[in-house]
Amino acid sequence: MENKRYDLIIKNGVIFTGVESFKADICIKEEKIAGLLSNAPATTAEEAIDAEGLFVFPGIIDSHVHFNEPGREHWEGFATGSRSAAAGGVTTVIDMPLNSTPCTLTRKELENKIRAGIENSIIDFALWGGVTPANLPCLGELNSGGVVGFKGFLSDSGIDEFKNINDRELLEALNRTGEMNALLGLHAENESVVAFFSNKFKEEGRTDPQAFLDSRPSLAEEEAVNRALFIKTRSSSKGRLHFLHTTLPGCIESINESKREGNRITVETCPHYLALTDRDFLKLGPVAKCAPPLRSREEVEALWKCLERGMVDVIGSDHSPCTAEEKEGNIWKAWGGISGVQTMLSVVFTEGVKKRRLPFNLIVKMMSYNPARIFTLYPKKGSLHPGSDADIVLFDPEGRWKVTEEKLFYKNKLSPFMGKELYGVVKMTISRGEVIFREGDFEVKTGRGEYLSRNTVEESV
């Protein structure tokens, strides 16, 4: 009987690495990429997959999800969250320190979250640690536990346990993370501005969606981003600063100017900021409520120009689900968060590649290659080089699908894209050489996901 050299071969697809594209066959052995070959014989593998007409690229790394476990599994947990991710071509998620209960603020809480992920996730995962005024002494123990970054809020987080930090605490967080050569991620909105307008409109009795938009003006984000840039660049911190869910082109310009001066700063935006506008929010209401809020059509188009110029490092979903009941009521009480991990690839492909003719490699770079490097998971993740984990997506660029409750795998079937037809269909998702999602069905059980600890060998974009 003939000896089989590979476990799996993916043949005839067009490969996108985030840097270049070409036709080749991907050979997989023992969970790893074994090689990229031309016309590899199908008989040299246990299984051969024909990817003719499909795009083939490294699995998406969603560096910004809220799976809420432990404590709020009724919103979303690793089981449903990881399935939704896999259906959207995501093979690695980086879970935020909130909105789990308790939040990931100590080593003990980190270990509880690792345990929950290992028991329930079907894909690999890394974790953020939190930064609050009370847990600054705990950052070292979180770092030794392998978190790939630390998240802090400059405005109210909406979670009582997760307090926002002031300027003094931001400076201390920068110094502490700098000593560990770690990354600090910020939700950058000015709390004083947001609180002033929110209280004003509440006192006036306004509960309309426009009141929420007015309570979080561009000023709040612009001031917080530029203040954090000033503190970072004028301090002696050697750490890395990462701006989360950035919505404004002006902020991205400021961040890139600082990068050009040699500062270690990166920036993320999200699919909903690229596909939806403030007008959509006024029409859809709480299902499209998020912070920072959706912006004007002019700002959305200018944000796409920033992407086209290579000024945005990462696209993360900021998947922040809740129950339908928590999206009801007046605009102040409704939970602020958008479910988006399953739709992110198709949304960005529809808006960026189909509508605006951006090169698909740019999308792969921001959603696979760059996050792997920024969060020190490269070259294990985000790469198709020999020796990298065989995390691979097979994607039909001409396929279309409509977002419906039946198609979504979220715990709670909520989406601002409900009813929309999107381009780009994930035909197959492969994690460490194993097909986990194929043609709409899952082929694995919970508990196969691995915890990814921070790599001590720093990578940068």
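Quick caveat, the model's predicted, so the values are computed rather than measured. Quick note: numbers below take in every heavy atom, side chains included, and nothing from hydrogens, waters or symmetry partners.
E443 and R438 are joined by a salt bridge, as a carboxylate oxygen and a charged side-chain nitrogen come within less than 4.0 angstrom of each other. A salt bridge does not link K411 to E76: none of the charged side-chain nitrogens sits closer than 4.0 Å to a carboxylate oxygen. Ion pair D389/K32 flagged as a salt bridge, since at least one NZ, NE, NH1 or NH2 atom sits closer than 4.0 Å to an Asp/Glu carboxylate oxygen. Classification of K163 and D156 as a salt-bridged pair fails, no side-chain N sitting under 4.0 Å from a carboxylate O. Under the 4.0 Å criterion applied to side-chain N and carboxylate O atoms, K11 and E52 are not assigned as salt-bridge partners. A salt bridge links E450 to R432: at least one charged side-chain nitrogen sits closer than 4.0 Å to a carboxylate oxygen.
Between the S388 side chain and the L384 main chain, no donor and acceptor come within less than 3.5 Å of each other. Between the T106 side chain and the E109 main chain, a donor and an acceptor come within less than 3.5 Å of each other. Judged by distance alone, with hydrogens and angles left aside, the side-chain atoms of N256 form no donor-acceptor pair with the main-chain N or O of E253 at under 3.5 Å. D391 contributes no side-chain N or O that, together with a main-chain N or O of G59, makes up a donor-acceptor pair within less than 3.5 Å. Judged by distance alone, the side chain of T44 and the main-chain N or O of P41 form a donor-acceptor pair under 3.5 Å. No donor-acceptor distance shorter than 3.5 angstrom exists from the side chain of S368 to the backbone of K365, with no hydrogens or angles considered. Judged purely by atom type and a 3.5 angstrom limit, T177 uses its side chain to pair as donor or acceptor with the backbone of L174.
F162 places a side-chain heavy atom less than 4.5 Å from the side chain of L105. Between N120 and S82, the closest side-chain pair of non-hydrogen atoms is not below 4.5 Å. H66 is listed as a side-chain neighbour of D318, based on a closest heavy-atom distance under 4.5 Å. Residues S84 and L408 are not in side-chain contact: their nearest non-hydrogen atoms beyond the backbone lie 4.5 Å or more apart. In this structure, the side chains of V56 and I392 come closer than 4.5 Å at one or more pairs of heavy atoms. Using a 4.5 Å heavy-atom cutoff, the side chains of D25 and L36 are not in contact. The closest side-chain heavy-atom distance from L184 to L170 is below 4.5 Å. With a 4.5 Å cut-off on side-chain heavy atoms, M366 and V312 count as touching.
Remark: aromatic rings of F395 and F349 are close, center separation under 6.0 Å. Less than 6.0 angstrom separates the ring centroid of F375 from the ring centroid of H242.
With sequence neighbours excluded, no residue forms a side chain to side chain donor-acceptor pair (under 3.5 Å) with S157. Residues satisfying the side chain to side chain donor-acceptor pair (under 3.5 Å) criterion with T446, sequence neighbours excluded, are absent altogether. Contacts of H245 classified as ring pair (Phe, Tyr, Trp, His ring centres under 6.0 Å), with partners at least two apart in sequence or in another chain: H64, H187. Partners of E111 by side chain to side chain donor-acceptor pair (under 3.5 Å), not counting sequence neighbours, listed by chain and number: R107. Taking the salt bridge (charged side-chain N to carboxylate O under 4.0 Å, His left out) definition, one finds that K238 meets it with nothing, sequence neighbours left out. The side chain to side chain donor-acceptor pair (under 3.5 Å) search around R72 returns T101, not counting sequence neighbours. Residues passing the salt bridge (charged side-chain N to carboxylate O under 4.0 Å, His left out) test with K427, sequence neighbours excluded: E439. Among residues two or more places apart in sequence or in another chain, the ring pair (Phe, Tyr, Trp, His ring centres under 6.0 Å) test is passed with F243 by none. Residues meeting the ring pair (Phe, Tyr, Trp, His ring centres under 6.0 Å) test with Y423, sequence neighbours left out: none. Applying the ring pair (Phe, Tyr, Trp, His ring centres under 6.0 Å) test to Y410 and every residue at least two apart in sequence or in another chain returns H319.
Checked by atom type, the side-chain pair E221/T247 shows a donor-acceptor distance below 3.5 Å. Looking at N164 and S155, their side chains never bring a donor and an acceptor atom within 3.5 Å of each other. Side-chain contact, E326 with T323: a donor N or O sits under 3.5 Å from an acceptor N or O. Counting only N and O atoms by type, the side chains of N112 and R115 include a donor and acceptor under 3.5 Å apart. Checking T104 against W128 by side-chain atom types alone, no donor-acceptor pair falls below 3.5 Å. Side-chain atoms of N12 and D50 form a donor-acceptor pair, as typed in the model, at a separation below 3.5 Å. One side chain, R454 or N143, offers a donor N or O that lies under 3.5 Å from an acceptor on the other. S237 and R176 are not linked by any side-chain donor-acceptor pair at a separation below 3.5 angstrom, with hydrogens and angles left out of the test.
The distance from the NZ atom of K381 to the CD1 atom of I94 is 11.0 Å, given to the nearest 0.5 Å. Between E141 atom CD and N135 atom CG the span is 8.5 Å, to the nearest 0.5 Å. To the nearest 0.5 Å, atoms CD1 (I255) and CG (N263) are separated by 11.5 Å. Going from atom OG1 of T80 over to atom CG of N412 covers 8.0 Å, rounded to the nearest 0.5 Å.
The minimum heavy-atom distance between A40 and I9, with the atom names listed, is CB-CD1, 4.1 Å. The shortest heavy-atom contact between E73 and P70 is OE2-CA, 3.4 Å. Between W335 and S320, the closest heavy-atom pair is NE1-OG, 3.5 Å. The minimum heavy-atom distance between L414 and S339, with the atom names listed, is O-CB, 3.4 Å.
The environment of NE2 in H74 is crowded: more than 12 heavy-atom neighbours from other residues, nucleotides or ligands sit within 6.0 Å. Annotation: K420, atom NZ; neighbour count of heavy atoms from other residues, nucleotides and ligands within 6.0 Å does not exceed 12. Annotation: K23, atom NZ; neighbour count of heavy atoms from other residues, nucleotides and ligands within 6.0 Å is above 12.
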Take Y369 and Y378 through the ring-ring contact (aromatic ring centres under 6.0 Å, His included) test and state the conclusion after the steps.
CA-CA 8 Å; Y369 180 74; Y378 186 89; 5.5 Å; yes
Stepwise, does the ring-ring contact (aromatic ring centres under 6.0 Å, His included) test hold for F360 with F57?
CA-CA 10 Å; F360 186 62; F57 51 92; 5.2 Å; yes
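Residue pairs that meet the side-chain hydrogen bond (donor to acceptor under 3.5 Å, both in side chains) test with at least one member in residues 351-361, sequence neighbours left out, are E301-R356, E351-K355, E351-R356, K354-E398. Within the structure, every pair that satisfies the side-chain hydrogen bond (donor to acceptor under 3.5 Å, both in side chains) test and touches residues 87-98, not counting sequence neighbours, is listed here: D95-K113.
By the 6.0 Å and 45° rule, R83 does not stack over the aromatic ring of F409.
When the options K407, K402, R400 are evaluated for a salt bridge (Lys or Arg N to Asp or Glu O under 4.0 Å) with E421, the one that passes is R400.
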